[in-house]
Amino acid sequence: MTETTATLEANAVDDAQPTGAELAIAALEAHGVETVFGIPGVHTLALYDALRPSGIRHVLARHEQGAGFMADGYARASGKPGVALVITGPGVTNIATPIGEAYTDSSPVMVLSSNCPRPYLDAMRGNLHDLKDQMGVMAAVTKWNTRVMSPDDVTTAVAEGFRQMGTGRPAPVHIEIPLDVLDEAATSEDIPVFRPERMNPDPALLNEAANRLASAKKVVIYCGGGAVHANAGKSIVAIAEALNAPIMTSFMGKGSVPEDHPLCVGALWGEGNQVDDLLQSADCLLVFGSKLGAQATWMFKMQFPAELIRVDVDERELSLNATPTLGILGDAGLAAEGIAALLSGRNASSTGFDVDEIGEVRIESERTSFHADRRDYIDALRRAIPRDGILVTDMTQMSYVGCYLYQVYEPRTYMFPSGYGTLGFSVPAAIGAKIARPEKVVIPIIGDGGYQFTMSELGTAVQERICLPIVIFNDSTYSAVKEAQSDSRGGRYIGVDLVNPDYVDLAKAYRIPGIRAHSPEELETEIALALERDCPTIIDVPIAPWV
Ligand SMILES: Cc1ncc(C[n+]2csc(CCOP(=O)(O)OP(=O)(O)O)c2C)c(N)n1
Ligand SMILES: [Mg+2]
């Protein structure tokens, strides 16, 4: 661990030794935390009391699920860990769902929780917020999970949490501090501080990769979320240009390279489609930061060429799902930089793929992608959102159209609850993203069903006066499920029709503008108007049924 040590100054109210809670907040500050998301309770009074005089901003969520998604959106937009504070028991179980999403999508989120006083831990003796196995709940959704039994161990736990989030695959962590530890005075004021370092790949392996790439006839490059996280795009494009290699991405890899680059075929791969034809004609695939998971490969139907070179920061994922012929453990950005340097000066004109052919593949695979007939709304969103603006999507049909057809140009400007697939992600994640990047346009899209999972977080956006056009694609149906019941259950529909509130009237209740947009053009206009306001705007978009 790279560590420096800070000492507590600002938060100690008097000369007395700091408490566990004061040290926890001081340790967050020492790690550069500027914002925390949460909901207080009598089990976190000490933490909130220590937060008050600190320089950290507290954003009050309306439900811990919202706080978790906000911290996740904050992390995805900024690249810095998001932090959430929750109470024992229901606070912890409520946040477990968004932390499950952060875990599958490799997003660094730290949850700080309390628990009953030490003598009552896990004892179920009738204490308020008793949870039989709080550590077990959070073990299921985190990379690292610890219970701090002494105020002297608080700051090392926080530093270790940051080390876990900043080393290898980014992922959530949980630190539980029992009530009496929060209030107890420590004997030490030391605050170890972890400073993240990028993981250097082995230069010999980079050399070997460059040689194999140079001797391959046709190389395809594949970018996953690791390429976004490592900001590897520029070097990956340089490799692609040196080899005339098309670049594919997963949904999580969107934005790693600009999707309007002539060599990029985006996230359009599908079994048997034109992008798949490109892949099948290659003799080498170079993968940056992807687990080549079940969803991305359509249940492992993606066939790989004989040479499979993989770069990953996580040792397990480096060979997960497909054994590489050459595996390089390390930061995707550093590896891409090294390989690009080794390939520079290469004359690519006579090797690799025909660039015009790649352009045609893109057009043709867009034409045949999921519900391409609905692309007008996606095109309207792309026109309404600046190049560096952030689109936050949910589990709605229009999002799935966008996964393929919405072009992303910059890293960290596209979010999708990819792995856990949790409805209600987009609005709170967008709130977190906007708090992390207030200068950017941030727009969540969501279905009428998904909106009702976390609609309470509108209160947070109103209270924080966040400029946020919320786009609800409204068909009064769980259409994704209805379509699946149509496709595979003979149209035997059950549990998919919704009686919804009027979302324009709902906006009125929050004293914010609510508008109905009836066409892609109206949507574009209403987004432009909403971006002028210092509050959220609900844009309800009635759409035709999908099934
Ligand atoms: C927490 C959670 N519960 C249930 C589901 C299953 N599910 C996936 S999509 C969907 C329907 C979503 O409806 P809506 O938000 O209106 O979008 P639409 O499919 O109609 O476009 C459901 C219920 C889920 N993904 N997440
Ligand atoms: Mg719907």
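The model shown is predicted, which means the values in this text are computed figures rather than measured ones. Counting starts at 1 for both ligands and their atoms, in listed order.
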Which atoms form the tightest heavy-atom contact between L531 and A384, and what is the distance? CD1-O, 4.2 Å
Close-contact set for ligand 1 against G447 heavy atoms, below 4.0 Å: 14 (P), 15 (O), 16 (O), 17 (O)
Should K143 and D314 count as an ion pair when the cut-off is N to O under 4.0 Å? no
Where is the tightest heavy-atom contact between E317 and K291, given as atom of each residue plus distance? OE2-CE, 3.3 Å
Closest to atom 17 (O) of ligand 1 (heavy atoms only, candidates D394, I446, T396) is T396
Numbering as shown, the atoms of ligand 1 that approach Q397 to under 4.0 Å (heavy-atom distance): 18 (P), 19 (O), 21 (O)
Would you say L498 has any N or O atom under 3.5 Å from an N or O of ligand 1, going by distance alone? no
Measuring from atom CG of N500 to atom OG of S476, what distance do you get when rounded to the nearest 0.5 angstrom? 4.5 Å
Closest heavy-atom pair and its distance - I431, A461: CD1-CB, 3.8 Å
G450 heavy atoms, cut-off 4.0 Å: which ligand 1 atoms fall inside? 14 (P), 15 (O)
Applying side-chain contact (heavy atoms from CB on, under 4.5 Å) to R62 and Q463, what does each step give before you reach the verdict? CA-CA 11 Å; R62 296 299 187 268; Q463 185 164 350; 2.6 Å; yes
With heavy-atom distances below 4.0 Å as the criterion, list the atoms of ligand 1 near G421. 24 (C), 25 (N), 26 (N)
Just going by heavy-atom distances, which of I445, V481, T422, T477 is nearest to atom 10 (C) of ligand 1? V481
Describe, in one word, how the ring planes of W298 and W269 are oriented to each other, choosing from parallel (under 30°), tilted (30 to 60°) and perpendicular (over 60°). perpendicular
Give the atom numbers and elements of ligand 1 that come within less than 4.0 Å of a heavy atom of S479. 18 (P), 19 (O), 20 (O)
Atom indices of ligand 1 within 4.0 angstrom of G449 heavy atoms, with elements: 14 (P), 15 (O), 16 (O)
Can you confirm whether more than 12 heavy atoms, excluding those of E315, are under 6.0 Å from its CD atom? no
Counting only heavy atoms not in R387 (residues, nucleotides, ligands), do more than 12 fall under 6.0 Å from its CZ? yes
With a distance cut-off below 6.0 Å to the six-membered ring centre and an angular limit of 45° from the axis, does R169 pair with Y103 as a cation-pi contact? yes
Less than 4.0 Å between a side-chain N and a carboxylate O, is that true for K508 and D505? yes
Short of 2.8 Å from the Mg ion (ligand 2), name each protein N/O/S atom, waters not counted. D448 OD1, D475 OD1, T477 O
Indicate the ring-plane relationship of Y404 and F370, choosing parallel, tilted or perpendicular according to the 30° and 60° boundaries. tilted
Go through the structure and list residues passing side chain to side chain donor-acceptor pair (under 3.5 Å) with S107, not counting sequence neighbours. D72
Hey, looking at atom 5 (C) of ligand 1, which of V547, L423, V496, D475 has the closest heavy atom? L423
Please confirm whether F453 approaches ligand 1 to less than 4.0 Å, judged on its heavy atoms. yes
Look only at interatomic distance and state if Y451 has a nitrogen or oxygen under 3.5 Å from any nitrogen or oxygen of ligand 1. no
Are any of the N or O atoms of A480 closer than 3.5 Å to those of ligand 1? yes
Has ligand 1 got any nitrogen or oxygen that is less than 3.5 angstrom from a nitrogen or oxygen of W546? no
In this structure, atom 11 (C) of ligand 1 is nearest to the protein heavy atom Y478 CD2, 3.4 Å
